[in-house]
K.L.:
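The structure follows.
Here is the naming used below: chain letters follow the sequence lines, and residue numbers restart at 1 for every chain. Please read these numbers as outputs of a predicted model, since none were measured by experiment.
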There are 2 protein chains.
Amino acid sequence: MAAPEELFVLEGRPTAQLIADQLREQIIQGTFRPGEQINESVLATQLRTSRGPVREALQRLCQEGILISRRNRGVFVLELATADIKEIYAVRETVELAAADALLNEGRARVRATCEALKAVLRDMAKQVAVSDWQALARLDMDFHSTLVAGAGNTRLIRIYNTLAAESRMCILSLEVSYPRIDVLVQEHQNILDLLEEGDREGLHKAIKRHMEKGVEDLIATRQEAGNKP
Amino acid sequence: MAAPEELFVLEGRPTAQLIADQLREQIIQGTFRPGEQINESVLATQLRTSRGPVREALQRLCQEGILISRRNRGVFVLELATADIKEIYAVRETVELAAADALLNEGRARVRATCEALKAVLRDMAKQVAVSDWQALARLDMDFHSTLVAGAGNTRLIRIYNTLAAESRMCILSLEVSYPRIDVLVQEHQNILDLLEEGDREGLHKAIKRHMEKGVEDLIATRQEAGNKP
DNA sequence: CGACTGTAGATTGTCAACAATAAACGATCA
DNA sequence: TGATCGTTTATTGTTGACAATCTACAGTCG
């Protein structure tokens, strides 16, 4: 009997992780607002499950840092202050620079494979720019960077970055008005891709740093316009 | 009535975290060996609690990466391969370099405060060298580096590093024979401290890189002698 | 003798009921 | 009128029982 590509995997993954993934996406997309409380019981009822798995999922997200737990009070969606934005982007810059370096040291084959993946992301991004789907753009923006980091092949670096990516999407979301400079969004990422493909280490470093600086500036500027927390 | 420094905080922290902390320390110290299975029920019985909190604690350590969970099989203590060691030290180097940079940018006051904390750690380290307490030395080694990273004041960086520190202690432990080059252990850290105090950014970078390189070399060399996993 | 199948044991995964805790409200007293 | 102290209520923290799942072993059939 010929083996089928993938036999219908009957809920192969742990339930708690399914819940966590779903919840994370909802938080990042703004279904739950920053500061909002998440009730275990009602969530369990909605998901047709018991509090056990829900509790596990919530705890997981707490450890990721996008929820905060107050003992005997409940879990709440993280509220990001300006200091958090600076922190997140500072660490992102560090991780991405390290990943870029490591990737370039891995050799051309690895670089080329990563570039192909990045190009696919950029194609999707261009499509979404055309229809101005902010949610999708925020996701693809992070996909691009996550893919870049993944190229380095360091599993711990990847794990660290995924958390940062989730937090970044929360930052972007909290603006609501979303991306300024949408016109240069694809262009900036394309620039990073080109420099990577050329193997221009120095240029790549500068581009990533500049990209992050701009990101922080935009976020903080837009936030101050909105009169949000300092 | 004068307020006492700290009124006996009656189990103020969540139980699961207490269990997780205790368990983490035991794993790092080698009470549980790499690859060993940890049974929820028996652990719950030993701790005079139920499986719920234990389960939460285990999940937490899974997410930290020092335990791995296999669905319907159980959780096992992480077994570190040589590739893991390289990964861990590569990320540690990245994080520490970033932290050192950030710290130097924070200004002299912050640097001086951090140096004081580091000196205290070094004093303890010298004491333990005298009595050759390997466990304590491994802990103090990591304390030194964690303190350095903490000096930068980036909470996310600190959280990331703490996990790496735990994994590093597992690496060191797995050698069992423990630290080679004990004579230069204090000296190397003192060197890093001196360069930080002088504000010698370039020298500090080089020292940290060299420190990490040596660490990996020692670990891998000792491991190969022991004929362990490649 | 080898491969397959069915059963047994152990372990995690899930659940619903119970207990503990903290904030919010309202009553009581100076 | 103001503050303090019980009471209420909603929520999480904890527990023990039950169900689902995996591995290992033994029995059976070719």
K.L.:
If I compare all heavy atoms of B:I19 with all of B:L47, which pair ends up nearest, and what's the gap?
P.N.:
CG2-CD1, 3.7 Å

K.L.:
Applying side-chain contact (heavy atoms from CB on, under 4.5 Å), name anything that partners A:T155, two or more places apart in sequence or on another chain.
P.N.:
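For A:T155, the residues satisfying side-chain contact (heavy atoms from CB on, under 4.5 Å) (neighbours in sequence not counted) are B:E87.
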
K.L.:
Going by ring pair (Phe, Tyr, Trp, His ring centres under 6.0 Å), name the pairs with one or both residues in residues 145-174 of chain B, residues two or more places apart or in two chains.
P.N.:
B:H145-B:H189, B:H145-B:H211

K.L.:
Polar-atom pairs under 3.5 Å, protein N or O versus N or O of nucleotides 20-25 of chain C: list them with distances, or write none.
P.N.:
{"unit_1": "C:dT21", "atom_1": "O3'", "unit_2": "A:N72", "atom_2": "ND2", "d": "3.1"}

K.L.:
Can you tell me if NZ on B:K86 sees more than 12 non-hydrogen neighbours from other groups inside 6.0 Å?
P.N.:
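No.
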
K.L.:
Scan nucleotides 6-8 of chain D against the protein and return all N/O pairs shorter than 3.5 Å with their distances rounded to 0.1 Å.
P.N.:
none

K.L.:
Does any non-hydrogen side-chain atom of B:V95 lie less than 4.5 Å from one of B:V91?
P.N.:
yes

K.L.:
So A:I88 and A:C171, do their side chains get closer than 4.5 Å, heavy atoms only?
P.N.:
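A:C171 reaches A:I88 side chain to side chain.
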
K.L.:
Identify the two heavy atoms, one from B:L219 and one from B:I85, that lie closest to each other, and give their separation to 0.1 Å.
P.N.:
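Where B:L219 meets B:I85 most closely, the heavy atoms are CD1-CG2, 3.8 Å.
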
K.L.:
Taking only Lys NZ, Arg NE, NH1 and NH2, and the carboxylate oxygens of Asp or Glu, determine whether B:R33 and B:E36 approach each other closer than 4.0 Å.
P.N.:
no

K.L.:
For B:D84, is there an ion pair with A:R156 - N to carboxylate O distance below 4.0 angstrom?
P.N.:
yes

K.L.:
How many whole angstroms separate atom CD of A:Q17 from atom C1' of C:dT12?
P.N.:
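Atom-to-atom, A:Q17 to C:dT12, this comes out as 16 Å.
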
K.L.:
Between B:R60 and B:Q17, does any side-chain donor sit less than 3.5 Å from a side-chain acceptor?
P.N.:
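Result is yes, a qualifying pair exists.
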
K.L.:
Residues of residues 48-68 of chain B with any non-hydrogen atom less than 4.0 angstrom from an atom of DNA chain C: list those, numerically ordered, please.
P.N.:
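Of all residues in residues 48-68 of chain B, the ones placing a heavy atom under 4.0 Å from DNA chain C are B:R51, B:R55.
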
K.L.:
Specify the residues of residues 36-46 of chain A, ordered by number, for which at least one heavy atom lies under 4.0 angstrom from an atom of DNA chain C.
P.N.:
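Heavy-atom contacts with DNA chain C come from no residue of residues 36-46 of chain A; none.
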
K.L.:
So which of B:V75, B:V77, B:I66 actually passes side-chain contact (heavy atoms from CB on, under 4.5 Å) with B:L61?
P.N.:
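Running side-chain contact (heavy atoms from CB on, under 4.5 Å) over B:V75, B:V77, B:I66 with B:L61 returns exactly one hit, B:I66.
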
K.L.:
Would you say that A:L23 contacts A:D21 through its side chain, given a criterion of any heavy-atom pair below 4.5 Å between the two side chains?
P.N.:
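A side-chain contact under 4.5 Å is absent here.
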
K.L.:
Can you tell me how far P of C:dC15 sits from CG of A:L47, to the nearest Å?
P.N.:
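Computing the A:L47:CG to C:dC15:P distance gives 11 Å.
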
K.L.:
Less than 4.5 Å apart, side chain to side chain, heavy atoms only: is that true for B:R139 and B:I28?
P.N.:
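Heavy-atom side-chain distance check fails, nothing below 4.5 Å.
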
